[in-house]
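Sharing a structure here in structure tokens format.
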2 protein chains.
Amino acid sequence: MLYRPFEKRLNTELAKHELHRAQWTIIYYLENINPATLVELSNYQGVEKPTITRTVSQLEERGIVEQVPGKDKREKRMQLTKAGKQFYQEIRKTVDAYEEEILMGISEEELKTAIVIMDDIRKNIIQSGDGEVGTNKN
Amino acid sequence: MLYRPFEKRLNTELAKHELHRAQWTIIYYLENINPATLVELSNYQGVEKPTITRTVSQLEERGIVEQVPGKDKREKRMQLTKAGKQFYQEIRKTVDAYEEEILMGISEEELKTAIVIMDDIRKNIIQSGDGEVGTNKN
DNA sequence: GATAATAGTTATCAAAGGTAACTATTTTAC
DNA sequence: GTAAAATAGTTACCTTTGATAACTATTATC
């Protein structure tokens, strides 16, 4: 049970920027894969659509993300605003410091190994049972 | 982000026994360290006391755990009831199957490595910052 | 063109956590 | 030996984060 203390601590770090974990996860994803639809975000987070709608709205209200016209009138494609990208860099500092702290004494190799294994497990979960999100099954 | 799919799936497994993750964690802990106080449980889960009070009450109402007189009139020492222990065995089957499934293709060694690393990280979190629970600081 | 599927939203509920403020005991300090 | 501090737990209440059900609007498919 690594998760509880990790999340607890991450949230106190993010609180410095008046952010919560769920919001940060979306900002983080958008920094990499930039215009992303809500469904994409929903799949990434492993969370139902209404949950994403809410979190994205919060970020929208704060001017961190904005909509870009997608090829479809249905889809809502989001990207980080200019301010959002700057914001990301700020949070990044906090998160980097946090990560460095909790990874003290753990080598690059060890970390890589752990990541690979956890990724294998994640794939197993998503493949078999229904670690997946409802939308995908229709 | 291994956690979300893992918890989601675990919860659907536990639902077969009308259980939730937080409850299961306590049952699991009590199977090993049997009479445990609420503070102990609270530290184990990395969660504040009121949260534990609630979860333990639920298990108490279902006759899964019961109080044993501790050396102190303050502390509430809990153990699994007879029914609770039987219940544990049942759930164990479900959880074992689940674990086997998600660990498919992952060797003993790999798993051990991952556990060691994650444990190191957990220790780092608890040591430094405040991955800890409020009670401990007073 | 009617039916399916897809993307998103709204409303509402539940799980799981937190804080503040409290009671009842037990320890510690003077 | 009592007053103050610490410890264990509880109650009341709030927040975050998730889920479901039922819906609209748009696009694909047959």
Side-chain angles (χ1 to χ4, degrees), chain A residues 1 3-12 14-15 18-26 35-60 65 67-78 130-138, chain B residues 1 3-12 14-15 18-26 35-60 65 67-78 130-138:
Chain A
M1 274 289 142
Y3 192 69
R4 271 293 307 153
F6 177 80
E7 161 143 14
K8 192 168 189 172
R9 181 65 199 290
L10 177 62
N11 267 330
T12 66
L14 292 176
E18 287 173 72
L19 266 192
H20 299 282
R21 193 246 317 143
Q23 298 166 344
W24 167 241
T25 311
I26 287 176
T37 67
L38 299 209
V39 165
E40 275 167 54
L41 290 168
S42 154
N43 286 335
Y44 170 64
Q45 282 224 22
V47 143
E48 298 298 331
K49 289 182 295 171
T51 307
I52 291 295
T53 297
R54 187 211 286 136
T55 312
V56 166
S57 298
Q58 292 163 355
L59 295 174
E60 225 175 342
V65 303
Q67 192 170 354
V68 300
K71 62 170 184 298
D72 216 77
K73 268 187 211 161
R74 288 174 298 180
E75 69 177 24
K76 194 170 174 183
R77 230 183 184 87
M78 307 302 295
D130 61 10
E132 263 300 354
V133 138
T135 318
N136 300 19
K137 283 178 282 183
N138 303 340
Chain B
M1 276 288 144
Y3 192 70
R4 271 292 308 152
F6 177 80
E7 162 144 13
K8 191 168 188 172
R9 181 65 200 288
L10 177 61
N11 267 329
T12 67
L14 292 176
E18 287 174 70
L19 266 191
H20 299 281
R21 192 248 314 143
Q23 297 167 346
W24 166 241
T25 312
I26 287 175
T37 66
L38 299 208
V39 165
E40 275 167 54
L41 290 167
S42 154
N43 286 334
Y44 170 64
Q45 282 224 23
V47 143
E48 298 297 331
K49 290 183 294 172
T51 308
I52 291 294
T53 298
R54 188 210 289 137
T55 313
V56 166
S57 298
Q58 290 163 355
L59 295 173
E60 226 174 340
V65 303
Q67 193 170 354
V68 300
K71 61 171 185 299
D72 217 76
K73 268 186 210 160
R74 288 173 299 181
E75 69 176 26
K76 194 169 175 183
R77 238 192 173 77
M78 307 302 294
D130 61 9
E132 264 300 353
V133 138
T135 319
N136 301 17
K137 282 178 283 184
N138 302 339

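Hydrogens, waters and symmetry mates play no part in the numbers below; they use all other heavy atoms, side chains included. In the text below, chain A, chain B and the rest are named by the order of the sequence lines, each starting its count at 1. Just so we're clear, the structure is a prediction, and the values are computed from it rather than from any experiment.
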If I take atom CG from residue B/L59 and atom CG from residue B/L19, how far apart are they, to the nearest 0.5 angstrom?
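So the CG of B/L59 and the CG of B/L19 are separated by 7.0 Å.
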Over how many whole Å does the gap from A/N43 atom CG to C/dA7 atom P extend?
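Result: 9 Å.
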What is the distance, rounded to the nearest whole Å, between atom CD of B/E18 and atom C1' of C/dA15?
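So the two atoms are 15 Å apart, to the nearest Å.
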Tell me the bend of the helix from C/dA5-D/dT26 to C/dC30-D/dG1 as the angle between end helix axes, each from five pairs, rounded to the nearest 10 degrees.
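About 20° separates the two local helix axes.
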Please state how far atom NZ in B/K49 lies from atom P in D/dT7, giving the value in whole angstrom units.
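Between P of D/dT7 and NZ of B/K49: 10 Å.
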Between A/V65 and A/V56, what is the shortest heavy-atom contact and its length?
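For A/V65 versus A/V56, the nearest heavy atoms are CG2-O, 4.0 Å.
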Taking atom types as they are modelled, would you say the side chain of B/K76 forms a donor-acceptor pair with the base of D/dG9 within the 3.5 Å cutoff?
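Looking at the base of D/dG9, it does not pair with any donor or acceptor on the side chain of B/K76 (distance under 3.5 Å).
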Dump the pairs, protein N or O against N or O of nucleotides 16-18 of chain D, anything under 3.5 Å, distances to one decimal.
{"residue": "D/dT16", "atom": "OP1", "partner": "A/H20", "partner atom": "NE2", "Å": "3.0"}
{"residue": "D/dT17", "atom": "OP1", "partner": "A/R21", "partner atom": "N", "Å": "3.3"}
{"residue": "D/dT17", "atom": "OP1", "partner": "A/A22", "partner atom": "N", "Å": "3.4"}
{"residue": "D/dG18", "atom": "OP1", "partner": "A/R21", "partner atom": "NH1", "Å": "3.1"}
{"residue": "D/dG18", "atom": "O3'", "partner": "B/R4", "partner atom": "NH2", "Å": "3.1"}
{"residue": "D/dG18", "atom": "N7", "partner": "A/R54", "partner atom": "NH1", "Å": "3.2"}
{"residue": "D/dG18", "atom": "N7", "partner": "A/R54", "partner atom": "NH2", "Å": "3.0"}
{"residue": "D/dG18", "atom": "O6", "partner": "A/R54", "partner atom": "NH2", "Å": "2.8"}

With rounding to the nearest 0.5 Å, note down the distance linking OG1 in A/T25 to CD in A/Q45.
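That separation rounds to 4.5 Å.
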Residues in salt bridge (Lys or Arg N to Asp or Glu O under 4.0 Å) with B/R74, at least two apart?
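Result, salt bridge (Lys or Arg N to Asp or Glu O under 4.0 Å) vs B/R74: B/D72.
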Is any side-chain N or O of A/T53 closer than 4.0 Å to OP1 or OP2 of C/dT9?
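Looking at the OP1 and OP2 atoms of C/dT9, one of them is under 4.0 Å from a side-chain N or O of A/T53.
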Tell me if D/dA5 is syn or anti. Syn = glycosidic torsion within 90° of 0, anti otherwise.
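You should classify D/dA5 as anti.
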Taking the side chain as every heavy atom from C-beta outward, state whether A/V39 and A/K49 have any pair of such atoms under 4.5 Å apart.
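Yes - at least one pair of side-chain heavy atoms lies under 4.5 Å apart.
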Report the distance from atom CD1 of B/I52 to atom P of C/dG17, rounded to the nearest whole Å.
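Roughly 8 Å, once rounded to whole Å.
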Rounded off to whole Å, could you give me the CZ-to-C1' distance for the A/R77 and C/dT6 pair?
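Value for this atom pair: 14 Å.
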Starting at atom CD of A/E75, determine the distance to atom C1' of C/dT9, rounded to an integer number of angstrom.
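After rounding, the reported distance stands at 16 Å.
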Closest non-hydrogen atom pair, A/R21 against A/N11:
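Taking every non-hydrogen atom into account, N-OD1, 3.1 Å.
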Less than 4.5 Å apart, side chain to side chain, heavy atoms only: is that true for B/T12 and B/R9?
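Yes, their side chains come closer than 4.5 Å.
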Shorter than 3.5 Å, N or O on both sides, protein versus nucleotides 28-30 of chain D: list them out with atom names.
none

Only counting residues at least two apart or in another chain, list the ones meeting side-chain hydrogen bond (donor to acceptor under 3.5 Å, both in side chains) with B/E60.
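side-chain hydrogen bond (donor to acceptor under 3.5 Å, both in side chains) list for B/E60, sorted by chain: B/K76.
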Closest approach of B/K71 and B/E75, non-hydrogen atoms and distance?
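Shortest heavy-atom contact: N-OE2, 3.7 Å.
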For the pair made of CD in A/Q67 and P in C/dA7, what is the distance, rounded to whole Å?
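Going from CD in A/Q67 over to P in C/dA7 covers 14 Å.
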Residues which pass side chain to side chain contact (heavy atoms under 4.5 Å, CB included) with A/S57, listed by chain and number, not counting sequence neighbours:
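Here the qualifying residues are A/T53.
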Say you draw a straight line from CD1 of A/I52 to CD of A/E40; how long is it, rounded to the nearest 0.5 Å?
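With rounding to 0.5 Å, CD1 (A/I52) is 11.5 Å from CD (A/E40).
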Could you tell me whether a side-chain N or O of B/S42 sits under 3.5 Å from a main-chain N or O of B/V47, the two making a donor and an acceptor?
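Looks like yes, one N/O pair under 3.5 Å.
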Using a cut-off of strictly less than 4.0 Å, decide whether B/K73 has a side-chain nitrogen or oxygen near OP1 or OP2 of D/dT7.
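No, because none of the side-chain N or O atoms of B/K73 sits under 4.0 Å from OP1 or OP2 of D/dT7.
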Atom CD of B/E60 and atom P of D/dG9: how far apart are they, to the nearest Å?
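Rounded to the whole Å, the gap is 12 Å.
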